[in-house]
K.L.:
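Quick one: structure below, then a few questions.
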Amino acid sequence: MAEQMTIHLRIWRQAGPDAPGRLVDYTVAGANEHMSFLELLDVLNEQLVHRGEEPVAFDSDCREGICGSCGVLVGGIAHGPQRRTAVCQLHMRSFKDGDRIVVEPFRARAFPLVKDLVVDRSAFDRIISAGGFISTTTGGAPDANALPVSKDAADEAMDYATCIGCGACVAACPNASASLFTAAKISHLALLPQGSVEASRRVVAMVRQMSEEGFGDCSNHTECEAVCPKGISIACIARMRREYVKAVLC
Amino acid sequence: MSSRTKHFFQALASPVGRKVLTGLTGLGLVLFVIVHMLGNLTYLQGGDAYNLYAHKLASYGVLLYILEVGLAAFFALHACIGISIYLRKRRARGGHYARYKTAGKPSLQTFASRTMIVSGIVLLVFLVLHLIHFKFGPGMAEGYVATIEGEQIRDLRRLMTEQFRSPLYAFGYPAVIILLGFHLRHGFWSALQSLSLTSPRLSSILYPAGALLGIVVGAGFIIVPLWIYFSQFS
């Protein structure tokens, strides 16, 4: 039987986009180390419903760390204190009995708040719509070695392809920049033969859309890499800049 | 304006273009501060060494003016883009976190990186005062005359000695230079990353190199005013 924990939460509550928001204190008794952080919120919500109060709204879907739906600031860190872990995979064993944890939504003007901890991340969809795709039909998986891709390029492209678009990079960046997300998509496609044909057009269009969405500039703090649940390296931001300069000058 | 030229200027104003320009101008300014620091250190050689250095610089004539105009343009561009990045960042966040902290390594978010705008603005104000006091300060008409290689030139060694005997200059100057050290600590590596001249492996060398550069340049600048100030009591 896992040891019982009592956790004190301070959660951002806001009824709607234009309603005033505030931090509200809750205590959840009966938590245990095997629970994920979102399960802790589920338990809290059950208690709130039981008391006739409005449950805390938060996003989640797969709860396996691969869909990118969840994402909140836990104790001041996007997705919480455990590295390379989405908040749905953050377990209460990362905390101690009696801990006080502040829970806030991802804050960025380009991610307008919907309710409580839920933000609208469709700005990311618009960045992808601007060029994060391949226009031609690439067919099914090609035969091995039909399209030569070096091991290094394949590995690097795969690293960038693991981006789940959760928005933690924006939330943690002191500038609210979306450079890591945009660069991961650009670099993933630019490294592969199928994506290289439209690389120039893509990088210019996606960077323009990122700017128009109102995200801040990158100041190379590298905070995005530290909170990314997939550990995507800022090397992709350097690659995005190279691709951009190449697109403009060549 | 042709559409190609228009696209080029739009690219310069884009988030990537701004960072590339900041990086390029930043590296140019790094080169300048290193040369400036080495020039200042000639003071410690004593005698006419410092005035000789100043005289050699002045002998470049038109080339020196071109370099100075280029340098002023680099400063202006670097400062303007830096301020625009800061203003854009304030708009982009939209609200404050009640609790925010860095996740730690591999984050390179430090006091230096968070305060680039503060150190930058202090350096900008300092630069204006510095130019007023030294570059456009008292000259030969006010009696600051030295003779180098049989030629009468402005006695910059005397001006520097007099200025740094005042505690305000002797300690105010190092205080600003410490901020320059912090600016270089993040700025050097950041410029290389902005120009895509880094890789994860290279960064492990280049990032500490920025700290070393900040310390070496800072120490090089600070030693002269402190030397002048404390020498007057010996």
Side-chain angles (χ1 to χ4, degrees), chain A residues 10 12 21 23 73 75-81 83 101-102 104 107-113 170-179 182 203-204 207-208 210-211 214-227 231 233-235 237-245 247-249, chain B residues 4 7-20 22-23 81-82 84-110 112-114 116-117 186-187 189-203 207 210:
Chain A
R10 293 200 90 190
W12 184 263
L23 286 164
L73 235 74
I77 301 174
H79 287 304
R83 274 202 68 203
I101 307 168
V102 178
E104 292 180 83
R107 292 196 190 282
R109 200 173 288 276
F111 288 170
L113 192 137
V170 174
C173 174
N175 297 6
S177 167
S179 290
T182 310
V203 67
V204 172
V207 167
R208 187 190 303 128
M210 174 179 80
S211 181
F215 291 107
D217 290 300
C218 170
S219 284
N220 303 319
H221 292 286
T222 323
E223 193 64 37
C224 50
E225 181 179 330
V227 298
S233 163
I234 58 159
I237 301 179
R239 181 174 287 283
M240 172 178 76
R241 289 170 179 153
R242 271 199 300 277
E243 290 288 334
Y244 192 88
V245 170
V248 172
L249 297 181
Chain B
R4 194 171 168 78
H7 283 145
F8 181 71
F9 280 104
Q10 278 173 348
L12 286 183
S14 74
V16 174
R18 282 197 294 269
K19 287 311 291 179
V20 168
T22 310
I81 298 173
S84 83
I85 288 173
Y86 172 73
L87 294 176
R88 202 176 154 83
K89 151 202 164 145
R90 281 178 60 99
R91 279 198 301 273
R93 174 57 75 216
H96 294 291
Y97 287 119
R99 180 162 171 71
Y100 172 85
K101 65 178 187 180
T102 172
K105 279 187 180 174
S107 172
L108 302 176
Q109 193 183 170
T110 57
S113 76
R114 281 192 301 270
M116 292 297 273
I117 185 71
H186 179 71
W189 174 84
S190 181
L192 296 174
Q193 166 73 5
S194 293
L195 295 171
S196 307
L197 300 174
T198 52
S199 68
R201 201 178 300 167
L202 269 178
S203 288
Y207 186 68

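Only a predicted model underlies this, so the values are computations on that prediction, with no experimental measurement involved. Residue numbering restarts at 1 for every chain, and letters A, B, ... go by the order of the sequence lines.
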K.L.:
Mind checking ring-ring contact (aromatic ring centres under 6.0 Å, His included) for A/Phe111 and listing every partner two or more places apart, or none if nothing turns up?
P.N.:
A/Phe124, A/Phe215
K.L.:
Side chain, backbone, both or neither: which part of A/Val102 has a heavy atom under 4.5 Å from chain B?
P.N.:
side chain
K.L.:
SG of A/Cys173 to NZ of B/Lys89: how many Å apart, nearest 0.5 Å?
P.N.:
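Reported to 0.5 Å precision, the distance equals 8.5 Å.
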K.L.:
If you compare all heavy atoms of A/Glu225 against all heavy atoms of B/Pro106, which two are closest, and at what distance to 0.1 Å?
P.N.:
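Closest heavy-atom pair between A/Glu225 and B/Pro106: OE2-CG, 3.6 Å.
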K.L.:
Is a donor on one side and an acceptor on the other found under 3.5 Å between the side chain of B/Tyr97 and the backbone of A/Arg107?
P.N.:
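Yes: the side chain of B/Tyr97 pairs with the backbone of A/Arg107.
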K.L.:
Please report the interatomic distance CD1(A/Ile237) to NZ(B/Lys19), rounded to the nearest 0.5 Å.
P.N.:
10.5 Å
K.L.:
Between B/Ala98, B/Ser199, B/Pro200, who has the most heavy-atom pairs with chain A when the cutoff is under 4.5 Å?
P.N.:
B/Ala98
K.L.:
Taking B/Ala103's backbone N and O only, do any of them form a donor-acceptor pair with A/Glu223's side chain (distance below 3.5 Å, no angle check)?
P.N.:
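Yes: the side chain of A/Glu223 pairs with the backbone of B/Ala103.
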K.L.:
Grab the two heavy atoms, one from A/Asn175 and one from B/Arg93, that are nearest each other, plus how far apart they are.
P.N.:
N-NH2, 4.5 Å
K.L.:
If you take all heavy atoms of A/His221 and B/Ser107, which pair is closest and at what distance?
P.N.:
O-OG, 3.7 Å
K.L.:
If we ignore hydrogens and angles and just use 3.5 Å, is the side chain of B/Tyr100 paired with the main-chain N or O of A/Leu73 as donor and acceptor?
P.N.:
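Side chain of B/Tyr100 to backbone of A/Leu73: no pair is present.
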K.L.:
Can you tell me how far apart OG1 (B/Thr22) and CG (A/Asn220) are? Round to the nearest 0.5 Å.
P.N.:
9.5 Å
K.L.:
Could you tell me which non-hydrogen atom of A/Pro174 sits nearest to which non-hydrogen atom of B/Gln109, and how far apart they are?
P.N.:
CG-OE1, 3.4 Å
K.L.:
State the OG-CZ distance between A/Ser211 and B/Arg18, to the nearest 0.5 angstrom.
P.N.:
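It is 5.5 Å, given to the nearest 0.5 Å.
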K.L.:
Any idea which of B/Gln10, B/His96, B/Arg114, B/His7 has the most non-hydrogen atom pairs under 4.5 angstrom with chain A?
P.N.:
B/His96
K.L.:
Return the option, out of A/Pro81, A/Ser177, A/Cys218, A/Ala235, with the maximum number of heavy-atom pairs under 4.5 Å with chain B.
P.N.:
A/Cys218
K.L.:
Identify which of B/Met116, B/Lys105, B/His186, B/Arg4 forms the greatest number of heavy-atom pairs closer than 4.5 Å to chain A.
P.N.:
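Counting heavy-atom pairs under 4.5 Å, the top option is B/His186.
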K.L.:
For B/Tyr207, enumerate each residue passing the ring-ring contact (aromatic ring centres under 6.0 Å, His included) test, keeping only those at least two apart in sequence or located in another chain.
P.N.:
B/Trp189
K.L.:
Please classify the contact of A/Arg10 with chain B as side chain, backbone, both or neither, using a heavy-atom distance under 4.5 Å.
P.N.:
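No part of A/Arg10 comes within 4.5 Å of chain B.
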K.L.:
May I ask you to name which of A/Pro112, A/Gly75, A/Ala78 has the most heavy-atom pairs under 4.5 Å with chain B?
P.N.:
A/Gly75
K.L.:
Between the main-chain N or O of B/Ser196 and the side-chain N or O of A/Arg242, is there a donor-acceptor pair closer than 3.5 Å?
P.N.:
yes
K.L.:
Measure the CD1-NZ distance between A/Ile77 and B/Lys101 for me, rounded to the nearest 0.5 Å.
P.N.:
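Reported value, rounded in 0.5 Å steps: 4.5 Å.
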K.L.:
Can you tell me which of A/Val227, A/Leu23, A/Val207 forms the most heavy-atom pairs within a distance under 4.5 Å of chain B?
P.N.:
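Among the listed options, the one with the most contacts to chain B is A/Val207.
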K.L.:
Relative to chain A, which of B/Ser84, B/Gly17, B/Ser203, B/Ser194 shows the most heavy atom pairs under 4.5 Å?
P.N.:
B/Ser194
K.L.:
Which of the residues A/Ser233, A/Ala247, A/Ser219, A/Ala110 is involved in the greatest number of heavy-atom pairs with chain B at under 4.5 angstrom?
P.N.:
A/Ser219
K.L.:
Find the one option among A/Ile234, A/Leu249, A/Val203 whose heavy-atom pairs under 4.5 Å with chain B are most numerous.
P.N.:
A/Ile234
K.L.:
If you look at every heavy atom in B/Arg88 and A/Asp217, which pair is closest and at what distance?
P.N.:
CD-OD2, 3.2 Å
K.L.:
Between A/Arg241 and B/Gln193, which heavy-atom pair has the shortest distance, and what is it?
P.N.:
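In terms of heavy atoms, the two residues are closest at NH1-O, 3.3 Å.
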